[in-house]
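In what follows, chains carry the letters A, B, and so on, assigned in the order in which the sequence lines appear, proteins first and then strands, with residues in each chain numbered from 1. Below, all heavy atoms of this structure are taken into account, side chains as well, without hydrogens, waters or symmetry copies.
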There are 2 protein chains.
Amino acid sequence: MPSPLESSAATTAHANGGGAAGRLPPDVVPVALSVDLVLLTVREEQLQVLLVRRGIEPYRDRWALPGGFVRPGEDLAEAAVRELAEETGLRHPPAHLEQLATYGAPDRDPRGRVVTVAFLALAPQSRTPIAGTDAAASRWEPVSTAGGGSGLAFDHAAILADGLERARAKIEYSAVATAFCEGEFTVAELRRIYELVWSSRLDPRNFHRKVTGTADFLVPTGRFTTRDGGRPAELYRRGDATVLHPAMLRPVPRLP
Amino acid sequence: MPSPLESSAATTAHANGGGAAGRLPPDVVPVALSVDLVLLTVREEQLQVLLVRRGIEPYRDRWALPGGFVRPGEDLAEAAVRELAEETGLRHPPAHLEQLATYGAPDRDPRGRVVTVAFLALAPQSRTPIAGTDAAASRWEPVSTAGGGSGLAFDHAAILADGLERARAKIEYSAVATAFCEGEFTVAELRRIYELVWSSRLDPRNFHRKVTGTADFLVPTGRFTTRDGGRPAELYRRGDATVLHPAMLRPVPRLP
DNA sequence: GCAATAGTGTCTCTCAGACAATATTGC
DNA sequence: GCAATATTGTCTGAGAGACACTATTGC
């Protein structure tokens, strides 16, 4: 028996009028379209991802990436921003939001053909208060345990893995790592971001030379803080740079 | 008046059965899902893209990227490979195929809500015979003129621009440039690929040192050819390398 | 003073870019 | 031989990685 979405295909297409705009072919399969979000932040000295507990079937009570169905007249990025606001209470759009990939395996959702456009979002901790409205529950989960065999709903483990790899690759050659930082931050705090995203140690002295030497990456404020202890560190803001040239090199993973 | 696709939403969802699989919410908007292809090749000393002339409304007689609607039970990449075969007579899958991005602006298709997943495909000239079956006409067009103000159908000019930028960026840090090459090729032929994709000149000597020095990028065959004139050049095959490390650096565009 | 962290300087090695020199073909 | 292209080699400067050293705070 065809799925409900499939059975409505012929009806959908034939109801379409003629004219200069043309009409969709009669055998076009309608699908449901959703957006899902890989929202990452750095908190508690860990890279964490926002998960929501599903309140309905399928996968009821399982953890999943936040997301929802695209509404009529709504663009994809628009839907992503709306879902983000609804599920985190975010006032402003996230510091960074980009389309990740689209997942459309025919059997990825038991309810029928549901295709989802995944987005990657990065935000500092302070801008993600989590005031969920349409999620039964939501929480931050360290990425080291989120993807594990435990099993997120649908194909969300694969989406999360792709999002993580994108984030890890992107901070190499772009300036998006500052999207994790608050308005004013020190070089050491930015370095901690890189270390936690990459799970590797970076030399503080070489890192300092690199980031302060890249034009328009960081803008010095002239002010200092001692919140990290030791000698006062200068505070910086995000600069206008979007690409890093030359790139920041990701250290080869240490096996021991 | 709601579009046909939208009006079928309630019907679609309500027809869905209950049970452990759950059902789609009643207000989900069904959309039509298509794939579009940015198929690039190098021929006639130019980077060219495959275009098809539309035989039906909307945009009848305008040039467009090849593509079509996803079929029931078909995965996205599967649909892309099928369309590629149908519109080019390609026997084998292309040398390189990757998902590019998804375009879903609500008004991008006058027939209703059509969301398209764009793919980027790279192939050598010999594997793209163009034996179109369901396209009224198709041709290769230099990318320098294809995107111009002339106007491709739908938002295909934007998709093409994104595909070009992806291809230009990707040959920097990955080994996909060999996807444009025939089975056996010389270093000079590979260099010509880079020059045409980037629209810039590369030093033959430094290029040779770079590509032959990168492990597993090229596999020497021990055979030689004089088809390019001058001293015989050694023939190589694609190696197993997928990433280039360090990357091949794209020269800064020359303004004069 | 001591611990802790910030920031600067130095050395070496890799590699890109410029370009000289040599090798091997067709004519 | 000459033109054309392939391939190797040499020099230089930018920049990454390792790490010594100095600077400035809290205690």
Q) Taking 4.0 angstrom as the limit, do B:Arg82 and B:Glu78 come out as a salt bridge? A)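 Between B:Glu78 and B:Arg82 there is no salt bridge, as every charged N stays at least 4.0 Å from the carboxylate O atoms.
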Q.
Any carboxylate oxygen within less than 4.0 angstrom of a Lys/Arg side-chain nitrogen, looking at B:Glu165 and B:Arg250?
A.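 Yes, this pair counts.
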[Y] backbone acceptor or donor facing [X] side chain under 3.5 Å:
X        : Y        : result
A:Arg166 : A:Leu120 : no
B:Thr221 : B:Leu235 : yes
A:Glu195 : A:Leu202 : yes

Q: Please state whether the rings of A:Tyr194 and A:Trp198 are parallel, tilted or perpendicular, taking 30° and 60° as the class boundaries.
A: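 It falls in the perpendicular class, over 60°.
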Q. Is it true that atom CZ of B:Arg223 has more than 12 heavy atoms of other residues, nucleotides or ligands lying nearer than 6.0 Å?
A. no
Q: Any chance you could measure A:Thr225, atom OG1, to A:Phe185, atom CZ, to the nearest 0.5 Å?
A: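 Going from the OG1 atom of A:Thr225 to the CZ atom of A:Phe185 covers 13.5 Å.
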(Q) So, taking the atom named OG in A:Ser144 and the one named CD in A:Gln48, what distance separates them when rounded to the nearest 0.5 Å? (A)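 It is 8.5 Å, given to the nearest 0.5 Å.
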Where do N or O atoms of nucleotides 14-17 of chain D meet protein N or O atoms at under 3.5 Å, pair by pair?
{"unit_1": "D:dA16", "atom_1": "OP1", "unit_2": "A:Lys210", "atom_2": "NZ", "d": "2.7"}
{"unit_1": "D:dG17", "atom_1": "N7", "unit_2": "A:Arg209", "atom_2": "NH2", "d": "3.2"}
{"unit_1": "D:dG17", "atom_1": "O6", "unit_2": "A:Arg209", "atom_2": "NH2", "d": "3.4"}

Show me the protein contacts with nucleotides 5-7 of chain C, counting only N or O atoms at under 3.5 Å.
{"unit_1": "C:dT5", "atom_1": "O2", "unit_2": "A:Arg231", "atom_2": "N", "d": "3.3"}
{"unit_1": "C:dA6", "atom_1": "N3", "unit_2": "A:Arg231", "atom_2": "NH1", "d": "3.0"}
{"unit_1": "C:dG7", "atom_1": "OP1", "unit_2": "A:Glu234", "atom_2": "N", "d": "2.9"}
{"unit_1": "C:dG7", "atom_1": "OP2", "unit_2": "A:His208", "atom_2": "NE2", "d": "3.3"}
{"unit_1": "C:dG7", "atom_1": "O5'", "unit_2": "A:His208", "atom_2": "NE2", "d": "3.4"}

Q) Which heavy-atom pair separates A:Val117 from A:Leu76 by the least distance, and what is that distance? A) CG2-CD1, 4.3 Å
Whole-Å distance separating the [atom1] atom of [X] from the [atom2] atom of [N]:
X        : N      : atom1 : atom2 : answer
B:Arg192 : D:dT5  : CZ    : P     : 11 Å
B:Leu235 : D:dT5  : CG    : C1'   : 14 Å
A:Phe207 : D:dA18 : CZ    : P     : 15 Å
B:Leu244 : C:dC15 : CG    : P     : 13 Å

(Q) Please give me every residue in residues 173-185 of chain A whose heavy atoms get under 4.0 Å of an atom in DNA chain D, ordered by residue number. (A)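 The answer is none.
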